[in-house]
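Read through the structure below, which is laid out as structure tokens, and then see the notes.
If you read the sequence from its start, that first residue is 1, and numbering goes on from there. Every number for a ligand or one of its atoms is a count from 1 in the order of the listing.
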Amino acid sequence: MKDIACLLITGASSGLGEEFARQLAHRCETMVLVARRGDRLTTLAGELVREYGVQVRCFEADLSISAQRNQLAAALAEKKLHPDCLINNAGIGDYGTFADASWEKLETMMRLNMEGLTHLCHLILPDMISRQHGSIINISSLASILPIPDFAVYAATKAFVSSFSEALRIELKECCINVLAVCPGPVHTEFGKVAARVQGQDFDGMREWFYVDKEQVVSEAIMAMDARNARVYPGWKIALAAAGISLLPLAVLRLIMSTRPRKSA
Ligand SMILES: NC(=O)c1ccc[n+]([C@@H]2O[C@H](COP(=O)([O-])OP(=O)(O)OC[C@H]3O[C@@H](n4cnc5c(N)ncnc54)[C@H](OP(=O)(O)O)[C@@H]3O)[C@@H](O)[C@H]2O)c1
């Protein structure tokens, strides 16, 4: 059943974005894959075309740069591609204390995780609204409900994503456009390597228990999109942790976070 006319996925060159492309290819007439590493996108596109007979367009773009987001939107318009499903997935993290961070990396992260995601919604929405049809999936994080020392700016960018998604969802309800915030806990992708400040930087081993497979994260996200849900915490352990966190008084949360769960080993 091809129920998605045009799906746009950002950050499709690895991790969750690539997995979304694989799991949704059979439902799409056309897919638009976006990331900086065009060679990876082309390889993935080849596989998806062969396996699912879907049309795939690849766009190389650095979504932390406003001009490149505008160029992407212009290219979509020129090729008459009108996404009815947008997966705002591209994002990076930065592990370590705030004071020691590289400002360049923090700035890029804020531009990508918040500004890029918001700008793409703004660029794509008018078309969805005129068709009174569409779906937006914003990839947030369990970190969006936790102020996390040693991951402070990343967690704050994801708090923005969850808050923005909730409000946007209400604004768009009358237009039959669903907005979903996906809030994964830790997942093995390239994320950890990109977030690390030094090669091989590692974290408290007890967190390993919390990891959820990317396949499960994406399949639960797709189920939540189909159910037109507002938010999903994929994996029962993560869902349980989220429920627990939401019940805790801030003072208790502060005590727990003062153990520095993200401090590098
Ligand atoms: N993995 C986790 O533990 C975890 C947990 C919660 C939430 N998340 C969120 O999940 C999303 C996907 O991350 P992932 O875990 O799949 O990590 P990943 O494997 O590192 O994938 C990140 C994707 O974002 C793209 N990207 C990075 N910088 C970009 C830029 N400037 N412009 C365009 N694309 C860019 C990367 O492609 P290029 O490098 O080719 O540009 C890549 O395709 C992120 O929003 C992340 O915050 C991850």
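- If you look at Y154 and F191, their ring centroids are closer than 6.0 Å.
- Checked by distance only, ligand 1 and L16 come closer than 3.5 Å through their nitrogen or oxygen atoms.
- To the nearest 0.5 Å, atoms CD (E220) and CG (N229) are separated by 11.0 Å.
- Where the criterion is an N or O separation shorter than 3.5 Å, residue side chain and backbone included, L112 fails it with respect to ligand 1.
- In A61, the part holding a heavy atom less than 4.0 Å from any atom of ligand 1 is the backbone.
- Distances from ligand 1 to the non-hydrogen atoms of Y154 include at least one value under 4.0 Å.
- By the 4.0 Å heavy-atom criterion, K158 is counted among the residues contacting ligand 1.
- In terms of polar-atom proximity, I92 is not counted as a contact of ligand 1, lacking any N or O under 3.5 Å from an N or O of the ligand.
- Using a non-hydrogen distance threshold of 4.0 Å, D62 registers as a contact of ligand 1.
- Remark: distances from the non-hydrogen atoms of G93 to ligand 1 are all 4.0 Å or more.
- When the options G17, S141, A90, S14 are ranked by their closest heavy atom to atom 19 (O) of ligand 1, first place goes to S14.
- Considering each of A195, P186, G185, G192, the one bringing a non-hydrogen atom nearest atom 5 (C) of ligand 1 is G185.
- In this structure, a donor-acceptor pair under 3.5 Å is absent between the side chains of D39 and T42.
- Considering only non-hydrogen protein atoms, atom 37 (O) of ligand 1 sits nearest to S13 OG, 2.8 Å.
- Looking only at heavy atoms of the protein, atom 7 (C) of ligand 1 is closest to S140 O, 3.2 Å.
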